[in-house]
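All remarks here apply to the structure that follows.
In each ligand, atom 1 is the first atom listed, and ligand 1 is the first ligand listed.
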Amino acid sequence: MTFAAHTGPRLLDSLQEKYSRQILFAGIGEEGQQRLLASSAVIVGCGAIGAAAAGLLVRAGVGRVRILDRDFVESSNLQRQSLFDEDDARSAIPKAVAAERKLRSINSSGAVEGLVSDLNPRNAEELLTGFDLILDGTDNFETRFLINDFAVHAARPWIYAAAVASYGVTMTIRPGLTPCLACLLESSSNGHGLEDTCDTIGVLGPIVNLIASLEVAEALKLLSGRSDALHNRLISSDVWTGHFQSVRVAQNPSCRACVRREFSYLEGQVQPHITLCGRDSVQIHERNRSLDLSALRNKLAPTVSDVRCNEFLLCFRADIYQMTVFADGRAILKGTKDPALARSLYARYIGS
Ligand SMILES: [Zn+2]
């Protein structure tokens, strides 16, 4: 594909220098770099894949990057989540905040925005609208199907990416032009690995960084105006066995999302008030509730242990449970899968 004419003036010398190796690459060139600088992307989830993808996009000069994440940095993340360090884990900084700080120091010329937020049907439109591309950095299929519903409904491209153990997959979805995630996973026996998570069978740093790299290569094609170069395949890789596969996926002629246009995830029919998130963890969603975290810390201090508090969250241990409360009232309780117990712990420590 060639471009008929330049769409704008030549890049400033400083930008020419900064992105010189990418401009030299024939697939992008100066025209493609200008498009990247004017483009935007939102990354849902800033764990291992999300952090690696965010780093690559910001370094490549994507003009506006929003990062959404609901959790905070822990020491068990550092083995694979490339944007975070021990200081972030010690102070329990939300991943979105830590990512924004680190990315601004890597490339100050773009706009990077980290939002401590849990994507759900109520806020999906507000958080995802206005971006050229959505990238998957999540760790669960409920959120992926929500992104897929939004993207198909709004006719926005998004890139599915997932990894567990030493295995990972990625596929670029362009509504109206390609099959969607529901085509791939809601039919027949394609649900490979749906039950396994990083919390149950672990995950290696190399596979998440490989999958993020494949995801961002596709993002750079889309955002630089080279959608002709997209591979239009589901790519799967296993860095332990050396098994790599690339297959064409067919549209499901009766797909719930992209054919029947039934957006059950976006309409919130499958979003309960309390959700499981990871092994032995429950998330409690609260709406329109603003907490004074330092007052709560002072109140709880005599009865709880391992207290950490910053402007974004309060984290403490009570009995065998670890509780993290965010300023908007949302909480993550580790140590139980029982929603009723989680609700009663929330009422006891935070208030009903
Ligand atoms: Zn579909």
If you look only at distance, which donor and acceptor atoms sit under 3.5 Å apart when one is on a side chain in residues 176-185 and the other is two or more places apart or in another chain?
| residue | atom | partner | partner atom | Å |
| --- | --- | --- | --- | --- |
| Thr178 | OG1 | Arg174 | N | 2.7 |
| Thr178 | OG1 | Arg174 | O | 3.3 |

**Prompt:** Restricting to pairs with a member in residues 145-164, which pass side chain to side chain donor-acceptor pair (under 3.5 Å), not counting sequence neighbours?
**Reply:** Asn148-Trp158, Asp149-Arg256
**Glu30 with Arg35: basic N within carboxylate O range, under 4.0 Å** = no
**Message:** Are Leu222 and Val65 linked, directly or through intermediate hydrophobic residues, by side-chain heavy-atom contacts shorter than 4.5 Å (ILVMFWY only)?
**Reply:** yes
Please table the atom pairs, donor to acceptor, closer than 3.5 Å between any side-chain atom in residues 205-215 and protein atoms at least two apart or in another chain.
| residue | atom | partner | partner atom | Å |
| --- | --- | --- | --- | --- |
| Asn209 | ND2 | Gly205 | O | 2.9 |
| Ser213 | OG | Asn209 | O | 2.8 |
| Glu215 | OE2 | Asp136 | N | 3.1 |

**Message:** Inside 2.8 Å of the Zn ion (ligand 1) but strictly below it, how many protein N/O/S atoms are present?
**Reply:** 4
**Prompt:** Just wondering, more than 12 heavy atoms not from Glu125 lying within 6.0 Å of its CD?
**Reply:** no
